[in-house]
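Please read all numbers here as calculations on a predicted model, not as lab measurements.
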Amino acid sequence: EAELDAMPKSRTVAVRTPAFKMNIFGLSYADTLTNATAYNGSDISRVGGHNDCFVASSNDYGTFDSTKDREFWASDTKYVPMGGETCNVSQYCQCANTLKDMASQHWSYLNSGYNSKVLAVWRSGNCYDEVTARLGYRLVLKNGYFQTNVAKGGTMRAVLEIANDGFAAPVNPRDCEFVLVSDSGRYVIPTTIDPRFWSAGQTVTIDTTLTVPSAAAAGTYTLCLNLPDPETTLRANPRFSIRLANKDTWDASTGYNKLTRITVE
């Protein structure tokens, strides 16, 4: 509780086992977070997991007391961070089981320096690169449908299909906005979309109506998707914006993901 009080409401802390979280808050196995209770600022919504002996044994050296413990974390970690480190080579650290457990438990982070012997197993089994690519979120634009001609001050429809091929969803607050970019100016069109609900293994459809600012000059623009950190000290820093996993969409100078060209009339 002291750790939670010391942190902003938008940030989380981690506990060693699912039983710790259940005991702290008096939860049953059925009392995991849901779309309705996630990210509401409550203490329960701000406690994730840290497994410091991942795939080390049948119960990860005391991390799990039962299959129900695993099921609790599999459900709860859709909305809170999950990560840790490995500690022991075992039959359970082979690639197939590693990828299965990381996917079911929504892993976002991993100590890249320990245990070196386990990491070597992943390299020899040809899954190390997949682990590094899929830790956390990995957002891929599958399809985009756009109205490409729009009047100044008018509205346009934009539909995006975004697949999350990572193990987890974004866990910290994240804005979602569209940006019109041309040599004559830049115009931000905000939305209320919350990328934290873009769950791992799912494809989300964003179907939204964008209002083109009346101040926008007539001409051709690049329509971009921007997923910045909402903190004022980081918002304009492109290194803190989400980069889609597609080729030829990223603008490293702005942190924008280029989508298409549209004409403002």
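- The local environment of CZ in Arg11 is crowded, with over 12 non-hydrogen atoms from other residues, nucleotides or ligands closer than 6.0 Å.
- Residue Lys152 qualifies as enclosed at atom NZ: its count of foreign heavy atoms under 6.0 Å is above 12.
- Between Asp207 and Thr205, the side chains place no donor N or O within less than 3.5 Å of an acceptor N or O (distance only, hydrogens not considered).
- Residues Asn246 and Thr249 have side chains that never bring a donor and an acceptor to within less than 3.5 angstrom of each other.
- The side-chain heavy atoms of Leu180 and Thr222, taken from C-beta on, include no pair separated by under 4.5 Å.
- In this structure, Arg261 forms no cation-pi arrangement with Tyr221, as its terminal cationic atom is not both closer than 6.0 Å to the ring centre and no more than 45° off the ring axis.
- Under the 4.5 Å side-chain contact rule for hydrophobic residues, Trp198 and Leu244 share a cluster.
- The closest donor-acceptor contact from the side chain of Arg46 to the backbone of Leu4 lies under 3.5 Å.
- Phe54 and Trp122 have perpendicular rings, their planes meeting at more than 60° on a 0 to 90° scale where under 30° would count as parallel.
- Between the side chain of Thr208 and the backbone N or O of Ala158 there is no donor-acceptor pair closer than 3.5 Å.
- Put simply, the side chain of Glu71 reaches to within 4.5 Å of the side chain of Thr67, judged on heavy atoms.
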Test salt bridge (Lys or Arg N to Asp or Glu O under 4.0 Å) applied to Arg174 and Asp194, step by step: CA-CA 7 Å; Arg174 182 69 58 169; Asp194 190 341; over 6 Å; no
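- Within the 4.5 Å cutoff, no side-chain heavy atoms of Val204 are placed close to those of Glu161.
- Taking 4.5 Å as the limit, some side-chain heavy atom of Met102 sits within range of a side-chain heavy atom of Leu110.
- Both Val212 and Tyr187 are assigned to one and the same hydrophobic cluster, defined by single-linkage of ILVMFWY side chains at heavy-atom distances under 4.5 Å.
- Between Ser90 and Asn88, the side chains place no donor N or O within less than 3.5 Å of an acceptor N or O (distance only, hydrogens not considered).
- When side chains are defined from C-beta on, Leu227 does not count as touching Tyr137, because their heavy atoms never get closer than 4.5 Å.
- With a 4.5 Å cut-off on side-chain heavy atoms, Asn226 and Phe178 do not count as touching.
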Apply salt bridge (Lys or Arg N to Asp or Glu O under 4.0 Å) to residues Arg123 and Asp129 and explain how you reach the verdict. CA-CA 8 Å; Arg123 287 189 174 95; Asp129 289 345; over 6 Å; no
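- A donor-acceptor contact under 3.5 angstrom links the side chains of Tyr79 and Asn35, judged on distance only.
- We find that Lys21 and Asp76 are joined by a salt bridge, their nearest charged nitrogen and carboxylate oxygen being less than 4.0 Å apart.
- With contacts defined as side-chain heavy-atom distances shorter than 4.5 Å, the pair Lys78/Ser199 does not qualify.
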Under the criterion side chain to side chain contact (heavy atoms under 4.5 Å, CB included), I'd like the reasoning laid out for Asp101 against Arg70: C-alpha separation, chi angles, the key distance, then a yes or no. CA-CA 9 Å; Asp101 281 2; Arg70 290 182 179 272; 3.7 Å; yes
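- The residues Asp248 and Lys258 are annotated as not salt-bridged, no charged nitrogen and carboxylate oxygen being separated by less than 4.0 angstrom.
- When the shell of 6.0 Å around CD of Glu265 is examined, it contains more than 12 heavy atoms from other residues, nucleotides or ligands.
- Ion pairing between a basic and an acidic side chain is recognised when a charged N comes within 4.0 Å of a carboxylate O; Asp229 and Arg235 show no such pairing.
- At distances below 3.5 Å, at least one donor-acceptor pair connects side-chain atoms of Ser124 with backbone N or O atoms of Ala120.
- Residues satisfying the side-chain hydrogen bond (donor to acceptor under 3.5 Å, both in side chains) criterion with Asn111, sequence neighbours excluded, are Glu85.
- Side-chain contact between Leu99 and Phe167 is present, with at least one heavy-atom pair separated by less than 4.5 Å.
- For Asp69 and Tyr29, the side-chain atoms include at least one donor-acceptor pair closer than 3.5 Å.
- Clustering ILVMFWY residues whenever any of their side-chain heavy atoms sit less than 4.5 angstrom apart, transitively, puts Phe20 in the very cluster that holds Val80.
- When only modelled atom types and interatomic distance are considered, Asn164 and Gln202 share no side-chain donor-acceptor pair under 3.5 Å.
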